[in-house]
Structures are given as C-alpha cells and as structure tokens.
Amino acid sequence: MPRIYPIEKVRDIGMIAHIDAGKTTVTERVLFYTGISHKIGEVHDGQAIMDWMVQEKERGITITAAATTCFWVPRGLERKKENEHRINIIDTPGHIDFTAEVQRSLRVLDGAVVIFDGVAGVEPQSETVWHQADKFKVPRICFINKMDRIGASFEKSLESIRKKLSPNAIALQLPIGAEEKFEGVIDLLEVKALKFEGDFGQIVKEEDIPEKLIEKAKQWRVNLIEKIVAEDEILLEKFLAKREISVDELRKALRKAVITYKLIPVFCGAALRNKGIQPLLDAICYYLPSPADLPPVKGVDPKTGKEIERKADDREPFSALAFKIASDPYVGTLTYFRVYSGTLPRGSYLLNTTTGEKERIGRILRMHAAEREEISEIFTGDIAATVGLKNTSTGHTLCDEAQPIVLEKITFPEPVISIRIEPKTKADQEKISLALKKLAEEDPTFKVKGDLETGETIISGMGELHLEIIIDRMKREFKVEGNVGRPQVAYKETVTTSSQAEGKYIRQSGGRGQYGHVWLKVEPKERGQGFEFVDEIKGGIIPKEFIPAVEKGVKEAMRKGILAGYPMVDTKVTLYDGSFHEVDSSEIAFKIAGSAALQEASKRAKPVLLEPVMKLEVIVPSEFFGDTIGDLSARRGKIEETKDRLNLKVIEAKVPLAEMFGYATALRSLTEGRGTFTMEFDHYEEVPQNIAKEIIEGKRG
C-alpha cells in the first residue's frame, strides 16, 4: 500500500500545558474543524472525545495521554488533496501526578503547542512542561487561550512567557478586544482581521483591521519582521535595502527559525467560544516540523556499541520506539509506538533490541482516543498501536532484525509517595497482584513492591491523586477491592561527611570456609547525583571477579539504609583495600563483607534523613491571604513569592510533602471552597533533627 500523505505533510504534535489551561478544549475544537468529530465535546459535560476514561469524565481532567489523527489544509492554500496535511496529535495531562504521560509523549513528538491561560499567563506546570520540551529539543508554538475571560491580557501573558520561559517568543497575532468584548484576532503577517462566525465559529471571515488598532498592528508587525529577518541573511539584506518581502518568504524563514528553536510564534484565542483555532491549525502546518525536517534519530548498534543513525525515510531499515502501554478491556494490552524510519506491514516480525526478543506485529491500529481503526501498514513518522506484544514495555526499541539499533530510553522521575494495600478478601489476593502488575506495566512512575518483613504490598506514585486514580481503576477495570493504609512519604537517607570502615566475613566450618575482607570509603555527593561505586584496587589484592560482588553487597545495604530503613542516595563508595584467601574466598563472602563495611562506614559518616520538598502554588481570594500564609508556615512551608492576579493572591512556596497530606480539604475549609492549588516535586532536603528523631522512632509516617 503506497503512502497517501508525503512525509513533508505529516506533523506529530502534542498539546501541553498547566492543568486547566484548556488543552483538551482546544483539541476538541481541532477535531471538530478538521471533520473528525461531528459535534464539539465539552470537558465540563464529561463529553470530550480525548478524555475517554471514566475517571477523566468524572473529574474533568486529563489523566492519560490520548492520541488521534486529523487532516487540514491551511488557509491560503487551495483546498485539494495534495495540500492536505496529516496531523497526529497527543493530548497530554496537565496535572503533575501524571508527569510520565507528558514525558513519554514529548520524547516521541516533533513539535508541541503550549497552551496558556490568558488570565494567569505562565503557571508552575507550564514551566515544568516547557523544560521537559527543552530536554527533548521540541520546537513549539504558543497559544494564549481564554482571551474571553475577565482579567485576560494578551500582552501580560506574552510578557510572562518572555520573562519566565524564553525571550524568543514573538507575537504573530493581536487580539481584537478582550474579556467579554473579545471578537477575533489580527493576523500580523497578512495584515488582516479574522472573525469567527457560524454556530460553532466554523466560518473564518477576513476583514480590514479595525481603525483603532491599525497603528498598534503596524508597530507590532515591524517588530515581528525585524525578528524574522534577523534569522535569515538574504531577507535581512532585502529588509535593510527597504525592498518588499512577501508573506511566503517570511513564513519560510520563520518556519526554519521555529524548527531550529530560534523563534517561538505566539497566537491567541478563546477555545470555549470557538475563536482562534483555525489559524492555530494553519500555524501547525506552516511552522512546526515534519519528521523529515529534523536531524536523523540517533541510536546505538547493540553488537558494536557504536553510535548509528536512522533518517526519517520509508526506505531506511525499520526503527520505532514503544512509548506507552495501555490496558484495553476489548483487545488486551495496547502498545503505542512512534515510527522513526522504514515501513511496517502487519504480520511482520520485529526485534526488541532492549530485551533481545522477537515480537510479531499481528494488528496495527490507528488510535482516535478510545476508538481504534485497523490499518494494514504504517510509515515513517506515524504514531500507531499494536496488540499482544509479550515483552515490550515503555522505552523499548522495536526494529528490523537484520539491522538492529537501540534508541535512547525514556527516563522517568522516582515516586515520592507510598501507601500499603491489601486485598479485602482471600478471593481478591491473586486478582490484586495481577491488577497491580498490569497497572505498573502501563505507568513507569507507579511502583509495586512487597515488604518481606511484614508481608504487605506497598504501592508508590507521584502524588495522592495518582494513587487515588490507580485504586479507582483497580476497582472498576479489574473488579478488585483493596484496603488502603495511610500515605507514606518516600524518605531517603544519605551521609554528610566521609569515613572509612572495614568489612570482614570469615567462617571456618571444617572443609572449605568463607573469606571476604574489604576496606570501603564513603563520601557524600551533591543532591540528586545518585550513587557511584569506584574500584581503586591495585595489584590484584582482591581478584577482579570478586569486585562486582562487593558492589552488589554495597547496593543491597544501601536499599535498606541505616537510620530508618529508607534507601540511601547521593553517596560515593570507594573500594580501596582488602584481602582474599586462595581457597576460601567466594563471591558470597565478598558480598557480605561489602554490605557490612558500608553499614559501618555510613554510621560513622553522620547519616541524615532526606524528605521530598514540593513546589506549591496556591491561589486564594485576597481576604483569605493571611490565614493561608499562616497555615503554610505551620506546615514548615517557605514562602518564596506572592503576587496579585485580579482580586486573587498567588502564593508560591516550597513545602515538605509530609506536611501536605489532606491539604485539599484544609484549603477548602480555610477559603470557603474558593482556594485552589497545584503541587509538584522539587527536590530532596534534610529533615530537621526533631522530626527525623520521630521518623526513626516510628512515631511519624
């Protein structure tokens, strides 16, 4: 089957933003205007196509990244098939508890639309997703939404983007009016006013710019052109010679600058009132890259370890990255993957280079949120799903057996909160472990482990809401009930000074004995730098084959810590001396000696407890400002900044997670239900001594 859409006309994009900025509402309009849906689904009615999970409909938030495909011919091009662009969209969650969904989506996308609330501008989660996009070098365009809301300001929002995210943001539109008087937008490149008419804003009318905005539009257009031509030598010469530059030339130069991340175009509108979405679709086609516009994807040859690359071309060997696993009640396990090179007909065999196993691709599905469309072949740049892969999970590479490649994996943050869970009845025992296993396969930030000492099961996640959704899904999708304990904070331990210690394990029991002897040095590392093991053994005083056993013993001891049984982090361990016995030395003896030496050295190195500290933004009406600040101080919060937003106060603070359980209820009662907050993990910090003492003695969770 030949490719219908040339690769230059394909766009793989994501909608990313702070919670409640309007990502799903924008995506619903996109689906309506592109003819994929025949009525507009609203988030507040629980009718949005992209929010298809029961939990999403009930809460009015996005929990899981949903993929869909639509088609669009940009304004200015003739409406015929060869001008049609194919847009693969992933609508991502805004809530920090589901950060893994954003992380893995951005890893496989070529471009992103970052959506901002026209009243709030840049919010904490906007910064987080922006930095995630920076990490993967994703070109992006901005859309300032909710221009019809009281207090909306395009200029203030644009200023906050320039100040907090990137000075390269440039306005391609100006709003006509604001708040309830918001009527449409001015296209600064084409010097036209655009109004949106019809029952659903589906008719885009071009008009002359209103008299009172002509001067402002002229000035903004000059600024815009100066920024664009500065990125293109030929256009710069033309501009300085005061020669006419066509809109097409400006678009081409701007496209190049967006793809190389030199400029970020900014648009505006009001998705809920159906204004400004069609020009945003045009911009996606005009400025965001196709798979062919980006550098070849890099990977490693599993046989030689050398770096190799694959061009975005159907004729290249096949390579794809599995970026999401989802349980589907009708077809079983769905594996979503992004194709970086080559083509794949159904029925093919692929190699999973991460596990070294072969997988058969029996069915290829194009996803439209929860709907599935069966297709016979996929091409470079496509995003699709398949069913029934046995050993493929998030971040695995699938490729041509004859020409293997391992693509860069996706890294995820560690969970910060845990709870104990047990089945309600004996019959639920087996069902609960199966349900938890499936949910953990789907979500890399959800971890399950058994506590060997107590026999309990502990589940860990990114926040209270994350675990609440997991338990709800267990009940609804897997029909299994569980008793849940109190939330536990994921504390960690570390050392603050360096020290040395000896570890010996000698057993003589007639016949062959056991002999392991090591000297270890333990030193603190900077926060967030993890664990490092250094082998400084010279002259074979410990044979090479026993050194991995020492490292294994050290790692096992670090998992339990020495203060309160929490894992140790940010520590450098150096093996620098020891001895061995020709006959009695064994791997197990060196493992035990390594473990004992680490425990002893850590005790001498002034160990401390670390706790997760959260970045918090609280928005409250002015009259509750004092009470809210007082409450945060009582929770050991450090207030970093307070700002005014209309008649509201915005408080930015850093607060230990341990103090934040039940905060949603406390804030509601403090502010008569009018306060809102968002919270995300920021860093680990030393626990104050009096509180550490309570945790070690088991008086605190």
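Since we're looking at a predicted model, the values are computed, not measured.
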Subject >> Straight-line distance of Leu467 CG to Ile417 CD1, nearest 0.5 Å >> reply: 5.5 Å
Original post:
Considering all heavy atoms of both residues, which atom of Pro612 and which atom of Ala490 are nearest to each other, and what is their separation?
Top reply: CD-O, 3.8 Å
Quiz: residues 624-634 side-chain donor-acceptor pairs under 3.5 angstrom, not counting sequence neighbours:
from   : atom 1 : to     : atom 2 : distance (Å)
Thr628 : OG1    : Phe624 : O      : 2.7
Asp631 : OD2    : Arg635 : NE     : 2.9
Ser633 : OG     : Ile629 : O      : 3.1

Original post:
Any side-chain heavy atom of Ile89 within less than 4.5 Å of one from Thr27?
Top reply: yes
**OP:** Using a strict 4.0 Å threshold on nitrogen-to-oxygen distance, state whether Lys555 and Glu551 make a salt bridge.
**Re:** yes
**OP:** Please tell me if the side chains of Leu598 and Val522 come closer than 4.5 Å, counting only heavy atoms from C-beta onward.
**Re:** yes
Original post:
Does atom NZ of Lys521 have more than 12 heavy-atom neighbours, drawn from other residues, nucleotides or ligands, at distances under 6.0 Å?
Top reply: no
**OP:** May I have all residue pairs that pass salt bridge (Lys or Arg N to Asp or Glu O under 4.0 Å) and include part of residues 598-619, sequence neighbours excluded?
**Re:** Glu600-Arg604, Glu611-Arg636
Original post:
Within a strict 4.5 Å, meaning less than it, do heavy atoms of the Arg149 and Asp117 side chains meet?
Top reply: yes
Subject >> Partner residues of Glu623 under the side chain to side chain donor-acceptor pair (under 3.5 Å) criterion, sequence neighbours left out >> reply: Arg674
**OP:** Report the distance from atom CG of Leu158 to atom CZ of Phe116, rounding to the nearest 0.5 Å.
**Re:** 10.0 Å
Original post:
Quick one: are Ile651 and Val620 in side-chain contact, heavy atoms under 4.5 Å?
Top reply: yes
Original post:
Ignoring hydrogens and geometry, is there a side-chain-to-backbone donor-acceptor pair from Asn168 to Ile264 under 3.5 Å?
Top reply: no
Original post:
Ion pair present between Lys654 and Glu685, side-chain N to carboxylate O less than 4.0 angstrom?
Top reply: no
Original post:
Can you find a pair of side-chain heavy atoms, one from Arg527 and one from His683, that are under 4.5 Å apart?
Top reply: no
**OP:** Spell out, as yes or no, whether a donor-acceptor pair under 3.5 Å connects the side chain of Glu179 to the backbone of Gly151.
**Re:** yes
**OP:** Might you work through the side chain to side chain contact (heavy atoms under 4.5 Å, CB included) test for Ile161 and Ile144, ending with a clear yes or no?
**Re:** CA-CA 10 Å; Ile161 294 170; Ile144 296 172; 4.1 Å; yes
Subject >> side chain to side chain donor-acceptor pair (under 3.5 Å) partners of Lys492, counting only residues at least two apart >> reply: none
Subject >> Worked check of side chain to side chain contact (heavy atoms under 4.5 Å, CB included) between Leu610 and Val687 >> reply: CA-CA 5 Å; Leu610 300 173; Val687 179; 5.6 Å; no
Original post:
Are there more than 12 heavy atoms of other residues, nucleotides or ligands under 6.0 Å from atom NZ of Lys638?
Top reply: no
**OP:** Output all residues satisfying side-chain contact (heavy atoms from CB on, under 4.5 Å) with Ala564, sequence neighbours left out; order by chain, then residue number.
**Re:** Glu493, Tyr566, Ile696
**OP:** Mark yes or no for whether Thr457, through its side chain, and Glu422, through its backbone, hold a donor-acceptor pair below 3.5 Å.
**Re:** no
**OP:** Scan for ring-ring contact (aromatic ring centres under 6.0 Å, His included) pairs involving residues 653-675, sequence neighbours excluded, and state none if there are none.
**Re:** Tyr663-Phe677
**OP:** Starting at CD of Gln689, measure out to CD of Glu694 and round the result to the nearest 0.5 Å.
**Re:** 12.5 Å
**OP:** Under the side chain to side chain contact (heavy atoms under 4.5 Å, CB included) rule, what do Val655 and Met614 come out as? Steps first, then yes or no, please.
**Re:** CA-CA 5 Å; Val655 193; Met614 311 304 278; 5.5 Å; no
Original post:
Are there more than 12 heavy atoms of other residues, nucleotides or ligands under 6.0 Å from atom NZ of Lys447?
Top reply: yes
**OP:** Inspect the surroundings of NZ in Lys163 and state if more than 12 heavy atoms from other residues, nucleotides or ligands are less than 6.0 Å away.
**Re:** no
Subject >> Set of residues satisfying side-chain contact (heavy atoms from CB on, under 4.5 Å) with respect to Pro607, sequence neighbours excluded >> reply: Ile562, Leu563
**OP:** Write down the atom of Ala112, the atom of Val138, and the distance for their closest heavy-atom approach.
**Re:** N-CG1, 3.8 Å
Subject >> Partner set under ring-ring contact (aromatic ring centres under 6.0 Å, His included) for Phe446, not counting sequence neighbours >> reply: none
**OP:** With sequence neighbours excluded, tell me which residues meet side chain to side chain donor-acceptor pair (under 3.5 Å) with Ser153.
**Re:** none
Subject >> Partners meeting side chain to side chain donor-acceptor pair (under 3.5 Å) with Gln529 (sequence neighbours left out) >> reply: none
**OP:** May I ask you to test the Trp130-Cys142 pair for a side-chain heavy-atom distance under 4.5 Å?
**Re:** yes
Original post:
Do the side chain of Ser602 and the main chain of Gln599 share a donor and acceptor less than 3.5 angstrom apart?
Top reply: no
**OP:** Compare every heavy atom of Ala601 with every heavy atom of Ala501, then report the nearest pair and how far apart it is.
**Re:** CB-N, 3.4 Å
Original post:
Less than 4.0 Å between a side-chain N and a carboxylate O, is that true for Lys181 and Asp148?
Top reply: no
Subject >> Smallest separation among heavy atoms of Ser460 and Ser418, with atom names >> reply: OG-OG, 3.0 Å
Subject >> Side-chain donor or acceptor of Thr494 paired with backbone N/O of Val569 under 3.5 Å >> reply: yes
Original post:
Ser157 side chain to Gly118 main-chain N or O, any donor-acceptor pair under 3.5 Å?
Top reply: yes
Subject >> From CD1 (Ile459) to CG (Leu439), nearest 0.5 Å >> reply: 9.0 Å
**OP:** Begin from the C-alpha positions of Phe136 and Asp110 and carry the test side chain to side chain contact (heavy atoms under 4.5 Å, CB included) through to its verdict.
**Re:** CA-CA 9 Å; Phe136 297 116; Asp110 298 334; over 6 Å; no
Subject >> For Glu408 against Leu321, the heavy-atom pair lying closest together >> reply: O-CD1, 4.0 Å
Original post:
Should we say atom CD of Glu526 is surrounded by more than 12 heavy atoms from elsewhere, each under 6.0 Å from it?
Top reply: no
**OP:** Say whether Asp134 and Tyr261, considering side chains only, have a donor N or O and an acceptor N or O under 3.5 Å apart.
**Re:** yes
Original post:
Is there side-chain contact between Ile458 and Val448, with heavy atoms separated by less than 4.5 Å?
Top reply: no
Original post:
Are more than 12 heavy atoms from other residues, nucleotides or ligands located less than 6.0 Å from atom CD of Glu180?
Top reply: yes
Subject >> Heavy-atom pair with the smallest gap, counting every atom of Ile150 and Val119 >> reply: O-CG2, 3.6 Å
Subject >> Which residues share a side-chain contact (heavy atoms from CB on, under 4.5 Å) with Asn690, sequence neighbours left out >> reply: Pro688
Original post:
What distance separates Ile115 CD1 from Met15 CE, expressed to the nearest 0.5 Å?
Top reply: 5.5 Å
Subject >> Counterpart residues, side-chain contact (heavy atoms from CB on, under 4.5 Å), relative to Lys572 (two or more places apart) >> reply: Glu523, Lys525, Glu532, Val534, Thr574
Subject >> Arg29 side-chain N/O to Ile277 backbone N/O, donor-acceptor pair under 3.5 Å >> reply: no
Subject >> Tyr491 side, atom OH; Leu609 side, atom CG - distance, nearest 0.5 Å >> reply: 8.0 Å
